[in-house]
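The first residue of the sequence shown is numbered 1, and numbering continues consecutively from there.
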Amino acid sequence: MKKLIISICTVFCLLAAPLSSIEWGGLLFNDSGVSTPDFKDITVNQADGVSLWLKSPLGADSGFYFSSEVLYKFNIEIPIGDDPVFTQVIDLPLLKVYGDLVTDSGVLSLSAGRFYYVDGTSAVLSQIIDGVSVSYALPTVKAGGFVGYTGLLNALNVPMAAVPEKDNNIYNLAYPYLPIGVFVELPALGGNQSLEFDVYHLLDFGSAKTNMTYANVILSGPITNIVYYNAATSLGLMNFKDVMNYSSLSFLVFPSEALSLNAGVTFATAAEQGSLTAYTSPSPVSIASAGKITPKAAVTFTTKNMCIDFGGNFVLAYNDKKYEPSNTDWNAGIIYNIFSDLQVGFTVNTSFDVSGAKAHNYNAKLNISLAF
């Protein structure tokens, strides 16, 4: 494990050394939280960390850049009346070469290395990943492809639906998938509507050997000058036989520059739901959504130095033969910039069980971050 950490730091330094015009900075952060299911069993969480980043152009006027970030953090989980649990994480969440090459007819975009990638639905892939993403954009069409690998990621810092095959401290290798994808987007349909088609195939290099294929369709655009929508569906196959689906519809409204409203609903198939199976993917979205219909709404108010948000949902979970009320979740938060580099945030989250099991949960968290 020490050799792996040293190797990561060595690569970081070797790649950064020859670069010119380097921009760099960092972030110190402190997260303090408390959670309880019943106001009797209380758990206190304390996390602190530091991240360093740098960015540099690759040659004058090349249009390409090198960017990287290294992270260290630790977390102490203290169940009241029980022994504390201490964990450490070191990671390289960003290490990429990227840029645009402008041609006479369009723009060629490339990202290679470790970076954040999300598919059109956010239900298949929505995470840090190692890979290569390339696209070519014309005024009326954009097409591209992606290939990646998850098996070298740090599962302690990159949430995924699949459980890692080992349980190591500091750097725990994530479950290994090799996703391959292509997409075509028509960004300039009538009324500024956008239509996108994605196809992804995920090769499973882990012990489960569950290969997955997805075909996604996303339609989005403005309804009026202040109302926007996004409709997406993902039809999946597990080992080319079990069928699964994730669908979502959302609306975003901007009544003023300071106020925004968001409302929508998500649906994902459950296990043994007729001929369908539970929607499964590497994305944490699949865990939160599988076997559920979830209407949700949120409101956000933003000023120059402050952001306040409030939202909630109501979950209907599939139970044998039908969907039944499961829980309702509510959250409220505030972020305040004391000055440009110092930010303080406070969030409260509640989950009320409405199924009769009384499995409620409450938590609150204070976040402080200082950029340098």
Subject >> Which residues share a ring pair (Phe, Tyr, Trp, His ring centres under 6.0 Å) with Tyr246, sequence neighbours left out >> reply: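 Partners of Tyr246 by the ring pair (Phe, Tyr, Trp, His ring centres under 6.0 Å) criterion, ordered by chain and then number, come out as Tyr279.
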According to side-chain contact (heavy atoms from CB on, under 4.5 Å), who are the partners of [X], at least two apart in sequence or on a separate chain?
X	result
Leu203	Leu178, His201, Phe205, Asn211
Asn45	Ser35, Thr43, Asn75, Glu77
Tyr98	Lys55, Tyr65, Ser67, Lys96, Ser111
Asp41	Pro37, Asp38

Side chains of [X] and [Y]: do they bring a donor and an acceptor to under 3.5 Å?
X	Y	answer
Tyr136	Ser109	no
Ser56	Glu23	no
Ser126	Tyr116	yes
Asn337	Asn305	no

When you group the ILVMFWY residues by side-chain heavy-atom contacts below 4.5 Å and let the links chain together, are [Y] and [X] in the same group?
X	Y	result
Leu71	Leu370	no
Leu202	Val163	no
Phe197	Ile218	no
Ile334	Val344	yes
Leu276	Met238	no

**OP:** Might you work through the side-chain contact (heavy atoms from CB on, under 4.5 Å) test for Leu195 and Val217, ending with a clear yes or no?
**Re:** CA-CA 7 Å; Leu195 179 62; Val217 181; 4.0 Å; yes
Judged by atom type as modelled, is there a donor-acceptor pair below 3.5 Å linking the side chain of [X] to the main-chain atoms of [Y]?
X	Y	value
Asp204	Thr210	yes
Ser289	Ser286	no
Thr140	Leu186	no
Gln127	Leu125	no
Asn262	Leu252	no

**OP:** Verify whether the ring centers belonging to Tyr200 and Tyr177 lie closer than 6.0 Å.
**Re:**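 Centroid separation for Tyr200 and Tyr177: 6.0 Å or greater.
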Side chain to side chain, [X] and [Y], heavy atoms closer than 4.5 Å:
X	Y	answer
Asp309	Ile335	no
Asn245	Thr233	yes
Phe146	Pro179	yes
Ile338	Tyr336	yes
Asp119	Phe183	no
Thr300	Leu259	no
Pro222	Gln193	yes
Glu324	Leu316	no

Original post:
Tell me the salt bridge (charged side-chain N to carboxylate O under 4.0 Å, His left out) pairs involving residues 352-372, sequence neighbours left out?
Top reply: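 Qualifying pairs, neighbours excluded: none.
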Original post:
Is the Phe310 ring parallel, tilted or perpendicular to the Trp330 ring (thresholds 30°, 60°)?
Top reply: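 Parallel: the ring planes of Phe310 and Trp330 meet at under 30°.
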Subject >> Plane angle bin for Phe74 and Tyr72 - parallel if under 30°, tilted between 30 and 60°, otherwise perpendicular >> reply: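 Tilted.
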**OP:** Take Phe314 and Phe352, measure what ring-ring contact (aromatic ring centres under 6.0 Å, His included) needs, and give me the verdict at the end.
**Re:** CA-CA 10 Å; Phe314 188 84; Phe352 298 102; over 10 Å; no
Euclidean distance, [Y] [atom2] relative to [X] [atom1], rounded to 0.5 Å:
X	Y	atom1	atom2	value
Asp329	Thr294	CG	OG1	8.5 Å
Gln343	Ile368	CD	CD1	11.0 Å
Ser247	Ile293	OG	CD1	10.5 Å
Leu27	Glu69	CG	CD	8.5 Å
Tyr214	Ser283	OH	OG	9.0 Å
Lys292	Thr269	NZ	OG1	13.0 Å

Original post:
Above 12 or not: heavy atoms from other molecules or residues under 6.0 Å from CG of Asn192?
Top reply: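 No, because the 6.0 Å sphere around CG of Asn192 holds 12 heavy atoms or fewer from other groups.
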Least distance between heavy atoms, [X] atom then [Y] atom:
X	Y	result
Ser260	Pro255	CA-CD, 4.3 Å
Tyr175	Lys209	OH-N, 4.0 Å
Pro139	Pro187	O-CG, 4.2 Å

**OP:** Can you spot which of Leu92, Asn154, Asn157, Val89 makes a side chain to side chain contact (heavy atoms under 4.5 Å, CB included) with Tyr171?
**Re:**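 That would be Asn154.
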**OP:** Taking only Lys NZ, Arg NE, NH1 and NH2, and the carboxylate oxygens of Asp or Glu, determine whether Arg114 and Asp130 approach each other closer than 4.0 Å.
**Re:**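 Looking at Arg114 and Asp130, the cut-off is met.
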